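Inspection log for the structure reproduced underneath, given as structure tokens.
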Amino acid sequence: MRIAVVSLFPEMFSAITEYGVSGRAVKKGLAEVQFWNPRDFTQDKHQTVDDRPYGGGPGMLMMVQPLEDAILAAKAWAGTEGDCQVVYLSPQGKPLQQGLAQGLANSGNLVLICGRYEGVDERLIERYVDIEISIGDYVISGGELAAMVVIDSLLRLLPGALGHVDSAQQDSFSEGLLDCPHYTRPEEYQGQRVPEVLLSGNHQRIRQWRLQQALIRTWQRRPDLLDKLSLSEEQQTLLSQYLNTQQV
Ligand SMILES: CN1CCN(C(=O)c2nonc2N)CC1
């Protein structure tokens with residue numbers, strides 16, 4: 001998988017290309033990440049990359065010519081092996097959720113456009129962008145952090161990225177549920193013991209306990225997620241067992 005990033009600050013991306021699960025995925029060659037900086041495509045001695053908005057108002061936009069030339073170069077690289085999707089990160093985009101991350105991980109190559117200043121000319125979005133993606137209903141200083149969140153969320157889903165094939169499956173949201181509680185040594189910490197079932201060695205009981213805890217946590221913290229799910233018979237039984245103890 002090739003991921004082309006168009007950004008004025010490519011150095012920021014070492015946070016995901018050089019550390020942790022995402023860094024190991026890149027090192028293993030599960031994905032190639034390359035960068036195209038619009039500043040390298042400027043044609044003036046000052047290397048200007050911003051421009052004033054028509055209609056006035058505060059702030060600047062990314063200058064069209066350097067950005068477009070960077071996008072074309074990125075597409076040329078990302079598009080050489082099959083088709084590629086062009087993503088623009090913005091608060092106006094489709095909210096990033098686990099299903100979208102999985103879809104991106106299963107898709108072909110990607111071009112990620114990171115806006116700065118007040119954003120980019122709408123005509124470039126119309127001409128080149130296949131999907132706008134938002135990481136949340138808030139405004140950050142540029143598209144780079146959002147692009148890193150998108151890249152990290154999809155890299156960990158690539159086959160071979162995680163040590164244990166089940167890890168991604170057991171993550172929060174993998175079945176539309178929040179994650180269950182986790183425990184490690186010591187067995188007793190300041191008077192609090194690890195739940196006995198986790199010490200039992202009974203894998204079926206442990207699986208069921210973890211699933212029930214995930215259902216309870218989702219019911220308590222994100223009932224909106226439960227509303228979207230059609231629970232399996234086992235999931236319904238496990239949640240009902242808990243709710244019956246709560247006189248809900
Ligand atoms: C131009 N620039 C504005 C700020 N920005 C975001 O707030 C954002 N991106 O993706 N999800 C978000 N929220 C990125 C693009």
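Order of listing sets the numbers, starting from 1, for every ligand and every atom in it. Everything quoted here is computed from the prediction, not taken from an experiment.
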Review point. What protein heavy atom is closest to atom 7 (O) of ligand 1, reported as residue, atom name and distance in Å?
Key: I140 N, 3.0 Å

Revision key, fill the gap. Distance col, row L155:CG vs M1:CE, nearest 0.5 angstrom, shows 7.5 Å

Review point. What part of S90 sits under 4.0 Å from ligand 1 if we count only heavy atoms: the side chain, the backbone, both or neither?
Key: backbone

Review point. Can you tell me how far CG of L124 sits from CD1 of I113, rounded to the nearest 0.5 angstrom?
Key: 7.5 Å

Point to revise | Under 4.0 Å to a heavy atom of A146 - the qualifying atoms of ligand 1, by number | key: 9 (N), 10 (O)

Check your understanding: For the residue pair A70 and N37, what are the closest heavy atoms and their distance?
Key -> CB-C, 4.5 Å

Check your understanding: Near G142, which atoms of ligand 1 are under 4.0 Å from a heavy atom of that residue?
Key -> 14 (C)

Revision key, fill the gap. Per-atom filter on ligand 1: closer than 4.0 angstrom to a heavy atom of G136 are 13 (N)

Point to revise | Closest protein heavy atom to atom 2 (N) of ligand 1, given as residue, atom name and distance to 0.1 Å | key: G115 O, 4.0 Å

Exercise for review: Identify, for atom 1 (C) of ligand 1, the protein heavy atom at the shortest distance, and state residue, atom and that distance.
Suggested key: G119 CA, 3.7 Å

Practice item. Please determine if E18 and K27 form a salt bridge, counting it only when a charged side-chain N lies under 4.0 Å from a carboxylate O. Key: no

Point to revise | Contact (N/O only, under 3.5 Å) between G143 and ligand 1 | key: no

Exercise for review: Provide, to 0.1 Å, the distance between atom 12 (C) of ligand 1 and the closest protein heavy atom, together with that atom's residue and name.
Suggested key: P91 N, 3.8 Å

Check your understanding: Can any side-chain N or O of T218 pair as donor or acceptor with the backbone N or O of L178 at less than 3.5 Å?
Key -> yes

**Study point:** Stepwise side chain to side chain contact (heavy atoms under 4.5 Å, CB included) test for Y88 and I133
**Key:** CA-CA 6 Å; Y88 177 58; I133 294 177; over 6 Å; no

**Study point:** Approximate separation, where rounding is to 0.5 Å, of F41 CZ and M63 CE
**Key:** 13.5 Å

Check your understanding: So, E234 and R207, do they make that salt bridge, N to O below 4.0 Å?
Key -> yes

Check your understanding: Are a donor atom and an acceptor atom from the side chains of R210 and Q213 found within less than 3.5 Å of each other?
Key -> no

**Study point:** Test of proximity, Y138 against ligand 1: N or O pairs below 3.5 Å
**Key:** yes

Point to revise | Distance-only N or O hit between ligand 1 and I135, under 3.5 Å | key: yes

Exercise for review: Would you mind running through ligand 1 and noting each atom that sits below 4.0 Å from a heavy atom of V139?
Suggested key: 7 (O)

Review point. Below 4.0 Å from any atom of ligand 1, is there a heavy atom belonging to I133?
Key: yes

Point to revise | Closest approach of any protein heavy atom to atom 15 (C) of ligand 1, naming residue and atom | key: L89 O, 3.4 Å

